[in-house]
There are 2 protein chains.
Amino acid sequence: MATQTAAQKRAQAKAQYDAFLAACPSRQLLDRISNKWVTLILCALGGDGGSMRYSELSRQLAGVSQKMLTQTLRSLERDGLITRTVTPTVPVTVCYELTELGLSLRQMMRGVKSWAEIHMDDVLDNRASYDTGTA
Amino acid sequence: MATQTAAQKRAQAKAQYDAFLAACPSRQLLDRISNKWVTLILCALGGDGGSMRYSELSRQLAGVSQKMLTQTLRSLERDGLITRTVTPTVPVTVCYELTELGLSLRQMMRGVKSWAEIHMDDVLDNRASYDTGTA
DNA sequence: CAGAATCCTTCACGATACTG
DNA sequence: CAGTATCGTGAAGGATTCTG
């Protein structure tokens with residue numbers, strides 16, 4: 001059977017992909033996930049119950065357009081980082097949730113988001129120094 | 001003296017910034033660092049001796065244009081994540097190195113880059129399933 | 001070697017309007 | 001509520017040329 005194909009492939013994967021190479025698929029993947037909205041969506045999901053509706057996400061990610069939100073969610077769903085669940089109520093209810101895979105990436109993303117918040121003032125100071133020529 | 005201004009501000013910073021808010025400076029910072037080239041540059045620096053020349057970076061980050069490389073390096077320098085050292089040899093020698101601040105972010109970035117490489121096949125499988133409609 | 005400056009294309013993204 | 005579809009623009013980013 002081929003039920004372990006993915007596992008087998010993954011066993012070799014660790015040495016196979018290299019994002020430093022332009023043609024490597026992992027370069028494109030890195031490009032997709034190195035994105036403001038991806039970071040924020042992954043951080044938002046798993047916040048409380050681990051499941052959020054479209055409108056909740058829209059509210060939490062202040063300033064995101066429907067287009068960007070939908071587009072990013074689709075991309076994440078396609079890559080298997082989140083699941084989309086439609087409940088046929090009236091009106092319809094859609095919930096997004098992290099998969100195991102998405103959860104594993106969320107750890108890093110939380111780190112990146114926190115880094116930005118924690119070191120904001122350091123960066124601001126550095127910019128001020130750089131701009132005024134202060135060594 | 002104002003030598004501890006930065007430290008004082010940082011003491012409050014942890015609760016002050018929130019990247020979920022559109023107007024928060026940390027949102028812009030998150031946008032800047034959530035970037036393919038930023039990730040790759042930070043990963044490249046600190047690789048060996050911790051210092052790299054412009055041409056070395058250019059070679060390592062396959063496919064990067066001079067414009068993007070220079071632009072990203074300037075941005076990182078301005079934010080205090082890397083230092084730029086010019087040695088007036090003939091021809092001139094320029095070395096880039098991570099600062100403490102840059103080093104702290106590099107940890108996350110290495111994680112993100114590794115994640116992309118390690119989970120590439122998982123993502124590829126998920127995409128195939130999504131595209132063919134295979135549940 | 002390590003850029004700066006210019007031009008030019010494309011596409012990311014927002015705004016708007018419509019649907020089940 | 002949770003989208004899809006269309007349009008328009010501004011800016012990101014590549015290619016090219018020039019310089020200390």
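Just so we're on the same page: letters track the sequence lines, and every chain starts at 1. Bear in mind that the values here come from a model prediction, so they are computed numbers and not experimental data.
- Here C:dA2 presents its P atom at 9 Å from CG of B:Leu57, a figure rounded to the nearest Å.
- Residues A:Arg32 and A:Asp79 share a closest heavy-atom pair of CD-OD2, 4.1 Å.
- In the set C:dA4, D:dG14, D:dT6, C:dA4 carries the atom at the smallest distance from any side-chain atom of B:Thr70.
- In the set D:dG3, C:dA2, D:dA2, the nucleotide with an atom closest to the side chain of A:Val92 is D:dA2.
- Rounding to whole angstrom units, CE of residue B:Met68 and P of C:dA2 are separated by 19 Å.
- One can place NZ of B:Lys67 at 12 Å from C1' of D:dT16, the figure rounded to the nearest angstrom.
- Residue B:Gln71 places its side chain closer to D:dG13 than to any other of D:dG13, C:dG3, C:dG14.
- Checking C:dT6, C:dT16, D:dT16 against the side-chain heavy atoms of A:Gln66 singles out C:dT16 as nearest.
- Nearest to the side-chain atoms of B:Ser65 among the listed nucleotides D:dA2, C:dA15, D:dG14 stands D:dG14.
- In terms of heavy atoms, A:Ala62 sits closest to B:Ala22 at O-CB, 3.5 Å.
- Out of D:dC1, D:dC7, D:dA15, the shortest distance to the side chain of A:Pro91 is found at D:dC1.
- Atom-to-atom, CG of B:Leu69 to P of C:dA4 comes out at 11 Å; the value is rounded to the nearest Å.
- Figure legend: cation-pi geometry between A:Lys113 and B:Tyr17 absent, as NZ or CZ is not positioned both under 6.0 Å from the six-membered ring centre and within 45° of its axis.
- Whole-Å rounding puts the A:Asp31 CG to D:dA12 P distance at 15 Å.
- Dashed line: the shortest gap from a side-chain N or O of A:Arg53 to OP1 or OP2 of D:dC1 is not under 4.0 Å.
- Of the side-chain N and O atoms in A:Arg84, one or more sit less than 4.0 angstrom from OP1 or OP2 of D:dG3.
- Between A:Tyr96 and D:dG3 there is a side-chain N or O to OP1 or OP2 distance below 4.0 Å.
- What you find for B:Tyr54 and B:Leu73 is that their closest heavy atoms are CD1-CD1, 4.0 Å.
- Phosphate contact (OP1/OP2 of C:dA2, side-chain N/O of B:Ser55, threshold under 4.0 Å): present.
- Per the geometry, CG belonging to B:Leu73 stands 10 Å off P belonging to C:dA4, to the nearest Å.
- Set against D:dA2, C:dG3, D:dG13, the side chain of B:Tyr54 has C:dG3 as its closest nucleotide.
- The side chain of A:Arg74 approaches D:dG3 more closely than any other nucleotide in the set D:dG3, C:dC7, C:dA2.
- Between B:Val86 and B:Pro88, the shortest heavy-atom contact is O-CD, 3.7 Å.
- Rounded to whole angstrom, the span from the NZ atom of A:Lys36 across to the C1' atom of D:dA11 amounts to 13 Å.
- Atom-to-atom, CH2 of B:Trp37 to C1' of D:dA12 comes out at 13 Å; the value is rounded to the nearest Å.
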